[in-house]
There are 2 protein chains.
Amino acid sequence: MRRTPARRPTMKDIARRAGVSESAVSFALNGRPGVSDATRERVRQVAEQLGWQPSTAARALSGEGAATVGLVLARPARTLGAESFFLQLVSGVQEVLADHRLGLLFQMAEDIDAECAAYRRWWAERRVDGLLVVDPRADDPRPALLDELGLPAVVIGALDGDDGAYGAISTLWADDTGAMASIVGHLHALGHRRITHVAGLPELAHTRRRMACLRTEAERRGLPDATSVTTDYSDAQGAEATRRLLSGPQPPTAIVYDNDVMAVAGLAVAAERGVSVPGELSIVAWDDSVLCRSTHPSLTALTRDTPAFGRQAAHLLTALLAGAPPTRVQASTPRLTTRESTSWT
Amino acid sequence: MRRTPARRPTMKDIARRAGVSESAVSFALNGRPGVSDATRERVRQVAEQLGWQPSTAARALSGEGAATVGLVLARPARTLGAESFFLQLVSGVQEVLADHRLGLLFQMAEDIDAECAAYRRWWAERRVDGLLVVDPRADDPRPALLDELGLPAVVIGALDGDDGAYGAISTLWADDTGAMASIVGHLHALGHRRITHVAGLPELAHTRRRMACLRTEAERRGLPDATSVTTDYSDAQGAEATRRLLSGPQPPTAIVYDNDVMAVAGLAVAAERGVSVPGELSIVAWDDSVLCRSTHPSLTALTRDTPAFGRQAAHLLTALLAGAPPTRVQASTPRLTTRESTSWT
DNA sequence: GCTGCCGACTAATGCGCTTTAGCCTGCGGG
DNA sequence: CCCGCAGGCTAAAGCGCATTAGTCGGCAGC
């Protein structure tokens, strides 16, 4: 016994009820001049009463844009284990998008080529007005593509050098350098001299920055052997790297992992090897999460306010969509939360 | 030096190039009769060459639907810690949506009222053709709402009783009952008699089903004291519940946690109390993830193929959108992966 | 030889909204 | 007294596509 579904009211319905033309309704509802205040108010009330909402399709068609921004996440399926980062980021993003009545079109892709294809398709289909670009990488093809397509975008995490070269691309810059400095500072203060960095995907820009900064900091402080090894962020490769490191001739006394998942995996390897944490090995996780709090010992971790990060990114994008010039802003530097996994050596 | 962005080709461009009318182009591209095969082929080639894609806005406006499905995730921000479930689900969903050229409009909401508001808005704005509904709950207001709005939907996880009462709502039913039975069976076989269930949000339908099944199974096997306590899925409440249970007069010998995060938190509490796992306490996690593999001891967990689950849900929805009648299908029963955290007692 | 019909197209309409161009009415200035 | 002008509104066009209603030529049937 299917009820006939409710019909969606259109501007024509409002016009009829308010006894004016459709154009008057449009003017009234969009705050354009051309109608008296009395009429405007009346139209508003009728619209409200009818529960009218503009059809995004019609709006888009008449040149107003799709009222939607896109976000594609290109990570191989196996590495999206317990990535709390993205859901938190998105939750922040949503908060401000909702305020601006913008929808979020979300897609997951296998790799960056699929991601670019998605951008092209969205553009050709006129689905989005702007984009949030995550995981910037060295030699990133996306800014040039977006420039070609004329799509405004916010790059989350910062490109390497050539910002500003592109039309409508803002950048939300995460201070990886400062963060790495604080980690190395912490470990050095505890007496560590052999620090190793189990990094993430080598093609990501922030991975490179973190690696570079580790070396710089280590040199500055006269620490030898500060090296990085790259992984795919998975627990498997995190564990694997840890095994190799601990079996080496001169195992590190401290390991910095580029995400929480690998840090936990590394901790498990240490336990399995009988290496005491933090007695013989200190562990730091880049990005805090419930995992870091729940392990035994709990993990010292780099904490950042990811939802806030997302909000900031969304703000940059809405500004861009409103016609503001592209900017480049730095997010707040993450804080190191000291827990049980780091100690004197 | 901003290049002028590329212009998007329209059907008019194709028509001009191919030397036919716009209608002919439409017929040709949509596989409608009314054009010769030769013309059809020529038009196809021109379209291809121009990189033409239909404007979703225009399509939507002419009654074809928005080529988009919606998904809103209503969970309080604090509980979306390391929820790997959703990203995995979505990755599966995307896979099949992409094949059908459907976009996914994603939103996060604070609670179910905000979720319903989002549905209403999407409907009024004609943004979506259908919805994926997650976290069904007892007395769920959403099916009635969607029915009223005439939006096809797939409920992921199954409603309680009244399926079939609604117009275009399919159900992908997760076999919580069978899963719980396999867990209880496993623990019983190991000799456990005092099993406790640290459940999730009490308002969710699957929480209730799991609780009910635990009682049924326990009774059937003559086990006393099989109780459930509810939480908000957070590590904090998982830990808290574990503390209470372990301090009770007759602590359980086995605890089943409704997600991985709480299981890990519970494990940490046991460690902190000096309760050996699995010696004195066995632990089972509902939903496997990297966490379960990485802890020490590793956790026996209920494994399900979440991306496949997502794919299945998306298939149900595309069928619905294509006009098929609503159905109710059961997802494959999850498998219990036995690890170190469960043993004889 | 005319009618009827079918295949291959084209013209025209509508979807819901924005926007531009007009159309009145009343008013002040010349 | 007429003109110009501004305010308040309506009519109409256009966005890109699908669809319905023609149009036109050719071919079979009577």
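Model, not experiment: these values are computed from the prediction. Order of the sequence lines fixes the chain letters, A, B, ..., with proteins taken first and strands second; residue numbering starts at 1 for each chain.
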Taking all non-hydrogen atoms of both residues, which atom of Leu151(B) and which atom of Gly130(B) are closest, and how far apart? CD2-N, 4.4 Å
Go through DNA chain C in 5' to 3' direction and return only the first and the last nucleotide with some atom under 4.0 Å of chain B's heavy atoms. dA8(C) to dG16(C)
Give one of base, sugar-phosphate or nothing for Gly34(B), where a contact means two heavy atoms less than 4.0 Å apart. base
For the pair Gln53(A) (side chain) and Trp123(B) (backbone), establish whether a donor and an acceptor sit closer than 3.5 Å, ignoring hydrogens and angles. no
Report the C-alpha separation of Leu145(A) and Arg120(A) in whole Å, then their side-chain angles, then the decisive distance to 0.1 Å, and conclude whether the side-chain contact (heavy atoms from CB on, under 4.5 Å) test is met. CA-CA 8 Å; Leu145(A) 172 61; Arg120(A) 280 191 184 281; 3.4 Å; yes
Base, sugar-phosphate or nothing for Val20(B)? Non-hydrogen atoms, less than 4.0 Å. sugar-phosphate
Quantified as the angle between the terminal helix axes (five pairs each), what is the overall bend of the helix from dG1(C)-dC30(D) to dG30(C)-dC1(D) to 10 degrees? 70°
Under the side-chain hydrogen bond (donor to acceptor under 3.5 Å, both in side chains) rule, what pairs show up with a residue in residues 124-134 of chain B, not counting sequence neighbours? Thr68(A)-Arg127(B), Arg101(A)-Glu125(B), Arg121(B)-Glu125(B), Glu125(B)-Arg127(B)
5' precedence on DNA chain C between Gly63(B) and Arg40(B) (nearest-nucleotide basis): Arg40(B)
Residue pair Gly70(B) / Val128(B): nearest heavy atoms and the distance that separates them: N-CG1, 3.8 Å
Which residue is it: Leu146(B), Val154(B), Ile156(B)? I am looking for the one with a side chain to side chain contact (heavy atoms under 4.5 Å, CB included) to Val133(B). Leu146(B)
Measuring only between side-chain heavy atoms, which start at C-beta, is Pro141(B) closer than 4.5 Å to Ile112(B)? yes
Under 3.5 Å, which donor-acceptor pairs link side chains of residues 311-327 of chain B to any protein atom two or more places apart or in another chain?
{"unit_1": "His315(B)", "atom_1": "ND1", "unit_2": "Arg311(B)", "atom_2": "O", "d": "3.4"}
{"unit_1": "Thr318(B)", "atom_1": "OG1", "unit_2": "Ala314(B)", "atom_2": "O", "d": "3.4"}
{"unit_1": "Thr318(B)", "atom_1": "OG1", "unit_2": "His315(B)", "atom_2": "O", "d": "2.9"}

The contact string for nucleotides 16-25 of chain D, one letter per nucleotide 5' to 3', using protein heavy atoms under 4.0 Å with B, S and - for base, sugar-phosphate only and none, comes out as BBBBB-----
Throw together a table of side-chain donor-acceptor distances under 3.5 angstrom for residues 34-52 of chain B, partners on residues two or more places apart or in other chains.
{"unit_1": "Ser36(B)", "atom_1": "OG", "unit_2": "Thr39(B)", "atom_2": "N", "d": "3.3"}
{"unit_1": "Ser36(B)", "atom_1": "OG", "unit_2": "Thr39(B)", "atom_2": "OG1", "d": "2.9"}
{"unit_1": "Arg40(B)", "atom_1": "NH1", "unit_2": "Phe27(B)", "atom_2": "O", "d": "3.3"}
{"unit_1": "Arg40(B)", "atom_1": "NH1", "unit_2": "Ala28(B)", "atom_2": "O", "d": "3.2"}
{"unit_1": "Arg40(B)", "atom_1": "NH1", "unit_2": "Arg32(B)", "atom_2": "O", "d": "3.3"}
{"unit_1": "Arg40(B)", "atom_1": "NH2", "unit_2": "Arg32(B)", "atom_2": "O", "d": "2.8"}
{"unit_1": "Arg42(B)", "atom_1": "NH1", "unit_2": "Ala18(B)", "atom_2": "O", "d": "2.4"}

Backbone N or O of Val134(B) within a donor-acceptor pair of the Arg142(B) side chain at under 3.5 Å? yes
